[in-house]
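Worksheet: one structure, shown below.
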Protein chains: 2
Amino acid sequence: MLVEGNHSAHLYTVLFGLGFRYKLMVDGRRQILNYLLPGDLIGLQGSLMGEMQHSVEALSPMLLCVFEREQLHTLYRNHPGLAYDITWIASREEQMLDENLLSIGRRTAIERAAYLIAFIRARAAKVQVGRSSAQLPITQQHVADTLGLSLVHTNKTLRKLAEKKLIVWRDGGCEVLDIDALMKLARWERLQETLRPLV
Amino acid sequence: MLVEGNHSAHLYTVLFGLGFRYKLMVDGRRQILNYLLPGDLIGLQGSLMGEMQHSVEALSPMLLCVFEREQLHTLYRNHPGLAYDITWIASREEQMLDENLLSIGRRTAIERAAYLIAFIRARAAKVQVGRSSAQLPITQQHVADTLGLSLVHTNKTLRKLAEKKLIVWRDGGCEVLDIDALMKLARWERLQETLRPLV
DNA sequence: CGTACACTTGAGTAGGATCAATTGAAGTGG
DNA sequence: CCACTTCAATTGATCCTACTCAAGTGTACG
């Protein structure tokens, strides 16, 4: 979809669907950085710095609202409220990256998996991202590349969550059965209820 | 220094010194998120969202420029250029987090260590952060908590880098002997030269 | 001189990686 | 309708990276 190093990228707002940002190393190792849901911005780095250092892909059909990157300066000049909201959204994304970093750096495999699934589920609670509202349209390869684990070990870890009746893997996607138990297992407390600006 | 959940936090600009942002889990596991050097912002999340979800600590004496968080709205209204620069800095910090996430998720221990040290060294190249300009004032415990490794394994990994004559650990800090070799070892290419606004 | 902190090293273990198959569902083309 | 391919999920076996436990060294400081 959108690839790293793209100079002519625009700024987008996600209106519908699910996608993700990722980075690749030259030898093919992939790390998924975060997931993109309605309300998120895509391409802010590219708009500000002229080049995106990550790539973006869709997991389900996405509806985006396009914004010309050249207009960003104009927006900052004429619509300070919107400019503030953009910074707010960027800052919240950084907050999510922080938690993600804690997860990959310090949580065990099963904690990581539980955290990731609970987190996406919580974020997707109010918006529909997949074909059914209960299902998250991701493959185990995506989970592996998000958690920094191998595909095989990710599979075995997800099986453990399934055996505990916390999730079910069905129709090429993940259904959450018990989000509270997932959060507890991940030792994760909040998804703080913040007033979110609509851009 | 500044702790998580702080509501009355201000926004700061680092003028001098070295610090870091980190998160703790309830059982004490610590993950260092990134390092703060001159030109970086501290507390943007707190200013925008009312609460910081991470803590901050100094590694060397730091000189900060304080900014009242209540004035942020005013700044966005009256100084769109500065508002733009703040977003730029926030976005660059996110970019650094992205690379960090790739590192922890997909690089091996020695690659991670090489990347981290090369990265901090490269960022600190133009500004003095420790007592001598060559030395990075961090302990191996900090490195461990940044890389998501145990202290013991971090020590053994750093020894390997020292045996290869890439670094020297001296006077409770790290000196870089061959940054190019570190970058090559980490399979890390760029620290792109971006025009950086001064805030 | 005793304590504290950072760094170091060795031994044994475990969590996760790699390798190698297998299953099953969903196309696709004849 | 049936071979053929492809992709995702699954499982077992083996290996190795990184963890834990347990000391020990060196230096700074009161």
Side-chain angles (χ1 to χ4, degrees), chain A residues 20 25 27-32 57-60 103-117 130-131 135-164 166-175 185-186, chain B residues 20 25 27-32 57 59-60 103-117 130-131 135-164 167-175 185-186:
Chain A
F20 62 92
M25 291 180 67
D27 57 12
R29 283 178 274 183
R30 179 173 76 165
Q31 178 63 43
I32 293 182
E57 244 180 69
L59 285 164
S60 68
S103 205
I104 296 184
R106 289 303 179 202
R107 280 192 245 254
T108 64
I110 199 164
E111 287 172 352
R112 280 184 227 186
Y115 166 72
L116 174 67
I117 291 169
R131 62 187 91 160
Q135 196 225 32
L136 300 173
I138 54 176
T139 69
Q140 298 190 359
Q141 184 67 66
H142 292 118
V143 176
D145 287 345
T146 311
L147 302 182
L149 299 171
S150 72
L151 177 59
V152 172
H153 195 64
T154 297
N155 177 274
K156 288 169 183 170
T157 303
L158 290 174
R159 298 254 80 238
K160 285 184 193 166
L161 291 181
E163 279 159 24
K164 289 174 191 279
L166 305 186
I167 63 168
V168 176
W169 212 269
R170 190 153 48 198
D171 298 332
C174 176
E175 285 181 34
L185 177 54
Chain B
F20 62 92
M25 290 180 67
D27 57 12
R29 282 177 275 182
R30 180 174 76 164
Q31 178 63 42
I32 294 182
E57 242 179 71
L59 285 166
S60 67
S103 204
I104 295 184
R106 288 304 180 200
R107 280 192 244 254
T108 65
I110 199 164
E111 287 171 352
R112 278 184 230 186
Y115 166 73
L116 175 66
I117 292 170
R131 62 187 91 160
Q135 196 226 32
L136 300 173
I138 55 176
T139 69
Q140 298 190 358
Q141 184 67 66
H142 291 118
V143 176
D145 287 345
T146 310
L147 302 182
L149 299 171
S150 72
L151 176 59
V152 172
H153 195 63
T154 298
N155 177 275
K156 288 169 182 170
T157 304
L158 290 174
R159 301 252 81 238
K160 285 183 193 167
L161 291 181
E163 279 159 24
K164 289 174 192 279
I167 64 167
V168 176
W169 211 267
R170 190 154 48 198
D171 299 331
C174 177
E175 284 181 36
L185 177 55

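Each chain gets a letter, A, B and so on, in the order its sequence line appears, and its residues count up from 1.
- Scanning for salt bridge (charged side-chain N to carboxylate O under 4.0 Å, His left out) contacts around A/Arg29 gives A/Asp27, B/Glu111, with sequence neighbours left out.
- The rotation axes computed at either terminus of the helix from C/dT8-D/dA23 to C/dG30-D/dC1 lie 40° apart, taking five pairs at each end and rounding to 10 degrees.
- Applying the side chain to side chain donor-acceptor pair (under 3.5 Å) test to A/Thr146 and every residue at least two apart in sequence or in another chain returns A/Tyr35.
- The distance between atom CH2 of B/Trp169 and atom P of C/dT8, rounded to the nearest whole Å, is 9 Å.
- Distances shorter than 4.0 Å separate none of the side-chain N or O atoms of B/Asn155 from OP1 or OP2 on C/dC7.
- Between the A/Gln135 side chain and the A/Arg170 main chain, a donor and an acceptor come within less than 3.5 Å of each other.
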- Per-nucleotide protein contact string for nucleotides 25-30 of chain D, where B marks a base within reach and S marks sugar-phosphate only (heavy atoms under 4.0 Å, - for neither): ------
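- Closest to the side chain of B/Val152, from the set D/dA22, C/dA20, C/dG16, is D/dA22.
- When rounded to the nearest whole Å, the span between CG of B/Leu158 and P of C/dT8 equals 8 Å.
- Looking at heavy-atom distances under 4.0 Å, A/Gly173 makes no contact with the nucleic acid at all.
- A/Leu149 comes within contact range of the sugar-phosphate backbone alone, with a heavy-atom separation under 4.0 Å but no base atom that close.
- Judged as a side chain to side chain donor-acceptor pair (under 3.5 Å), and not counting sequence neighbours, the contacts of B/Ser103 are B/Arg107.
- Sorted by first and then second residue, the pairs that involve residues 135-148 of chain B and meet salt bridge (Lys or Arg N to Asp or Glu O under 4.0 Å), not counting sequence neighbours, are A/Arg106-B/Asp145, B/Arg30-B/Asp145.
- Comparing D/dT10, C/dA17, D/dC19 by their closest approach to the side chain of A/Arg159 singles out D/dT10.
- In this structure, the CD atom of A/Gln140 is 16 Å from the P atom of C/dA25, given to the nearest Å.
- Atom P of nucleotide D/dA9 and atom CD1 of A/Ile167 are separated by 11 Å, given to the nearest angstrom.
- For the pair A/Glu163 CD and D/dT10 P, the interatomic distance rounds to 10 Å; values are reported in whole Å.
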Polar atom pairs between nucleotides 12-15 of chain C and protein, under 3.5 Å, N or O only, would you list them?
none

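- Residue B/Ser150 is in base contact, counting any heavy-atom pair closer than 4.0 Å across all strands shown.
- At the phosphate of C/dC5, neither OP1 nor OP2 sits under 4.0 Å from any side-chain N or O atom of B/Gln141.
- Distance CG (B/Leu151) to C1' (D/dA22): 14 Å, rounded to an integer number of Å.
- With sequence neighbours left out, A/Thr139 forms a side chain to side chain contact (heavy atoms under 4.5 Å, CB included) with A/Gln141, A/His142.
- Separating the C1' atom of C/dC5 from that of D/dG24 is a span of 14 Å, rounded to the nearest Å.
- Contacts of B/Lys164 classified as side chain to side chain contact (heavy atoms under 4.5 Å, CB included), with partners at least two apart in sequence or in another chain: B/Ile110, B/Leu166.
- Rounded to whole Å, atom C1' of C/dT8 lies 16 Å from atom CG of B/Leu161.
- With sequence neighbours excluded, no residue satisfies salt bridge (charged side-chain N to carboxylate O under 4.0 Å, His left out) with B/Arg112.
- Smallest separation of non-hydrogen atoms from A/Ala113 and A/Leu147: CA-CD1, 3.7 Å.
- Proximity of A/Leu161 to A/Trp169: side-chain heavy atoms (C-beta onward) are nowhere separated by under 4.5 Å.
- One atom, NE2 of B/His142, and another, C1' of C/dC7, lie 14 Å apart when rounded to the nearest Å.
- Considering all non-hydrogen atoms of both residues, A/Ile117 and A/Leu136 come closest at O-CD1, 4.3 Å.
- Among B/Thr157, B/Asn155, B/Thr154, the one residue that satisfies the side chain to side chain donor-acceptor pair (under 3.5 Å) test with B/Gln140 is B/Asn155.
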